[in-house]
Each structure stands twice: as structure tokens, then as C-alpha cells.
Amino acid sequence: MAASTLLPDILLAVMRGQPRALSDPHYPGWHLAPVTGLLNDPNGFIHFAGRYHLFYQWNALGCQHQHKCWGHWSSADLLHWQHEPIALMPDEEYDRSGCYSGSAVDDNGALTLIYTGNVKFADGARTAWQCLAVQNAQGGFDKLGPVIALPDGYTGHVRDPKVWRHGEHWFMVLGAQDQQKQGKVLLLRSADLRQWHNLGEIAGSGLNGLAAASYMWECPDMFTLGDTTFLICCPQGLAQEQHRFLNAHPSAWLSGDLDYANARFSHGELHELDAGFEFYAPQTTLTADGRRLLVGWMGVPDGEEMLQPTVANGWIHQMTCVRELGTRDGRLFQRPVTELQALRSTEQHYQGPAADAPVIDAQRLELLLSGQGDITLDFADRLRLEWRADGLRLARRSLANGEWQFRYWRGAVSQLQLLCDHSSVEIFINEGEGVMSSRYFPAHPAQLTLTGHAEVTARYWSLRPCMVE
Ligand code: FRU
């Protein structure tokens, strides 16, 4: 039997056997996470024929970065998700080392996936093919094979196609590493998704005045909001700054104008997309009513990844909440998608000195906080948010040695919106001007304690659990 028909059966068996993940107190109550194994990038995010589809990089066989297939969930409302059979398995010569990240489009009524077939050789070399797969009448995906070979002038690190329609053509951004080992983003064009024409590099180290060196740009995504074109990307190897780009693998955005005719993207400086400890490989899609949504991987392949306690229960990592993108003064804003408000239970209030606020159950919580001055939020002595006049400092205890590690968001803060799950916190700053996303692994039930003399106004809700069916 081909592996692609066998593995969905393994998944079903895992589900029927009640995987250990689901009884782990750190397993999310309302975020998407793997029922077993390792989850990384969101893939193929699309609203198609009345349902949202979200695919994901998944090693169903263990917690290491291996054997990547495309897991698949679907949902009518962005809240209640259901498991779908695995969409892509690495069972062909051209994708044998992994069905790597990619996107989905509606090709005249056919749900079509464009992904990277990753191939590693015994001597450590690798190559990559950009491949197509089309949904069949049974809901499975038929592979059509590679449509783009490795372009000249690049190493085997060419991957993560994101495709969209503009006018009469399809366009693709593709992450790449050139022969000088610098990270680049390529723009390609096609009339039919099968034949592709490489229009060249539109962004990357050394291009358009961007001096920052990097060795690879992964998971590019390009879209417009109003008159502005945004490029989201994950430049690897950026130099760390004092307060920015502190993650081993950061994610960033650029904004400007894309000249399709000349394949030129004039853009400004690189901005950090999320300033927390875990956020990577985000992907966006457009809703039927024109909203631009984003989901990111709340994980980073850093030195502490395998120390996460969930590994002992056979699973690792989760997605961010679904976010809606907006723009103000040329900047990219992210806010939790409105649909999430349906998870709120009874509203509670507090106004007064931070230190007199009640201790709040942080397990599944939405907290809206406004105030000024010194306020500290302590999550079960594992994670601490210090709100000061010059911005935020997020402290988290290292899983290796318990020492505090830090991430920063600089600027005046007037309002915070925190969305918490069993082992994650997403902090939205000033109605989406900044975000800090982080996992943390508290003893349960986790509690949030506020300290500081400043006055705060808090509105908060316990969030109802919403598990994948
Ligand atoms: C980003 C990434 C992608 C690749 C995928 C493999 O996290 O490295 O570049 O396609 O993960 O799982």
C-alpha cells in the first residue's frame, strides 16, 4: 500500500487511541496543535468553496524536523476546526525528503496546492522542486509533479512558493539562497500554474538599499493592503540588534510598491513582525469579505526547542491565533480576528492600582489592559511582562537553566490585549501596532498576578475551550 493511503489510517488509529497530547495540560484549549508529532509552518491557508483550509508542516512520526507531510484542517468559522486526511506525503522521488511549505489557490474551481519537493542527497547536498497537486473528487490531492526546477545561480535552498492572482496572471514569490549564500526573494509569473517565467530577485540582502546580511529568506508572502504592497519574509542569519531580531529565526515585513511590469519592488526598511520568543513562517489569505488574515507558527527551531516538556507527551508546537492585518501610517498592524470574540464567557472588570487587582486564572484568558506607568504581569513565575515608559520587556525562564531571557518592544504603550492559552501568550500592543508571541510551560492552573502602583483598567474574559474535532 502506498504511504499516502496508509498514513491517514495511522492518524485515525492515533485519534481513536486518545493521544497523550490531548491529556497534556499544556495542550492548547483553543489553538491549533498537532495531535501527535511536530508541527511547523502553516501552509495553503485559503478560503475555498465556503470553508477555510489550513494545511501545516507535520512530522506525524515524532518530534524531530523530519518526514514532513502536509496535515490539513478545515473550518467554516475560524473557530471550530476539523481534521482532514493528510494532503501530501513525501512519497515521490522529487519530494522524498519532505513536502515542504507552500500555498493554495482556487484554479477555476480546483483547490490547487503549490509546494516544495525537498530532496537531500547522501553527501549533504540538496535540491528543490516546486510542485503542484490538485484536489480530486474524493477530497484527496493528486500530485502533478514538479513545475519549477532549481533556477541557475542559486543553491539547493529554494523553497516556500506563495502564489496569488493579479490581472491575467499568477504570480509567485519564492525564498532563495544565491551562490554567494545571501538570502533572496524571487518573483515568477505564469499563465496556467504549469509554465513559470522567473522575473528575478525583488528583495533580499544587498537589494534596494537593504544592507543587512542574511543567508536565506524563507516563507515569503506578498499582498496589498490599501495602496501598499507588503512582503512578509523570514530572513535567516540577520545580525541581532540590541532590542530587535533576537530570535534565531526572525520574521519581518517590508512595505512599498510592486511594479509588476518591471518586476521591481521599491520598499523601505525591514521591520520585525513579532517581537516575542516564538513566531515564524506566517502565511496570509484573503476572506470572502476582503479581510487579510494571518496565521504563524508559534515555534522557532532554536537550541531549546527539544527541551519543551510536551515532547515527553509525543507532540510539539502550535499555531498562533488567527489574526487580521491592517495598516496605519504605512505600518502593518495585527489584531486577533473578530471571530475569536465568540470564545469569551462573562466579562469581568477591574479598575484601581495594579497591585490590588485580583489574581486572574491565566489558562484560557483574554485581557484588555490600559494604564500608564510601571505595571508588571507575572505568569506563574515562568513568564513576566514588564510595562514601562519606554516600552515592554518580556522575560521568560530558560528551559535549560531557569535563567531569565528577554525580548523587547520599544515605544509608548497605552493599551495591551493579551490572548492566553494553556501554554501560550500573545500580546497585542496599542491595538495591533506590535505583537509578542510566546510559549511558556507553567504548572497548572496557571495564574496571572499584577504588581505596581500605577492605575490600571482591566476587562477580561475566560475563553471557552474549542478543540479540533
Ligand atoms: C520554515 C521551513 C521552510 C520549509 C519548512 C520545512 O520553518 O524551514 O523553509 O519549507 O520549514 O518544514
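Atoms within a ligand are numbered from 1 in the order they appear, just like the ligands themselves. All values derive from a computational prediction rather than experimental measurement.
Note: Y280 OH to N247 CG = 10.0 Å, rounded to the nearest 0.5 Å.
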With a cut-off of 3.5 Å and sequence neighbours excluded, list every side-chain donor-acceptor pair involving residues 140-148.
from: D142; atom 1: OD1; to: N136; atom 2: ND2; distance (Å): 3.0
from: K143; atom 1: NZ; to: M89; atom 2: O; distance (Å): 2.5
from: K143; atom 1: NZ; to: D91; atom 2: OD1; distance (Å): 2.7
from: K143; atom 1: NZ; to: D95; atom 2: OD2; distance (Å): 2.6

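Cation-pi geometry between R382 and Y440 is not met: the NZ or CZ atom fails to fall both under 6.0 Å from the ring centre and inside 45° of the normal.
A salt bridge (charged side-chain N to carboxylate O under 4.0 Å, His left out) check over residues 210-224, counting only residues at least two apart or in different chains, returns the pairs R159-E218, K162-D221.
Annotation: side chain to side chain donor-acceptor pair (under 3.5 Å) contacts of S438 (sequence neighbours excluded): none.
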Give a table of atom pairs where an N or O of ligand 1 lies under 3.5 Å from a protein N or O.
from: ligand 1; atom 1: 7 (O); to: D41; atom 2: OD1; distance (Å): 2.7
from: ligand 1; atom 1: 7 (O); to: D41; atom 2: OD2; distance (Å): 3.3
from: ligand 1; atom 1: 8 (O); to: E218; atom 2: OE1; distance (Å): 3.4
from: ligand 1; atom 1: 8 (O); to: E218; atom 2: OE2; distance (Å): 2.9
from: ligand 1; atom 1: 9 (O); to: R159; atom 2: NE; distance (Å): 2.8
from: ligand 1; atom 1: 9 (O); to: D160; atom 2: OD1; distance (Å): 3.4
from: ligand 1; atom 1: 9 (O); to: D160; atom 2: OD2; distance (Å): 2.7
from: ligand 1; atom 1: 9 (O); to: E218; atom 2: OE2; distance (Å): 2.9
from: ligand 1; atom 1: 10 (O); to: S101; atom 2: N; distance (Å): 3.1
from: ligand 1; atom 1: 10 (O); to: D160; atom 2: OD1; distance (Å): 2.5
from: ligand 1; atom 1: 11 (O); to: N40; atom 2: ND2; distance (Å): 3.2
from: ligand 1; atom 1: 11 (O); to: D41; atom 2: OD2; distance (Å): 3.1
from: ligand 1; atom 1: 12 (O); to: N40; atom 2: ND2; distance (Å): 2.9
from: ligand 1; atom 1: 12 (O); to: Q57; atom 2: OE1; distance (Å): 2.7
from: ligand 1; atom 1: 12 (O); to: K68; atom 2: NZ; distance (Å): 3.0

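Tested against E278, the residues H249, R439, R396 include a single side-chain hydrogen bond (donor to acceptor under 3.5 Å, both in side chains) partner, R396.
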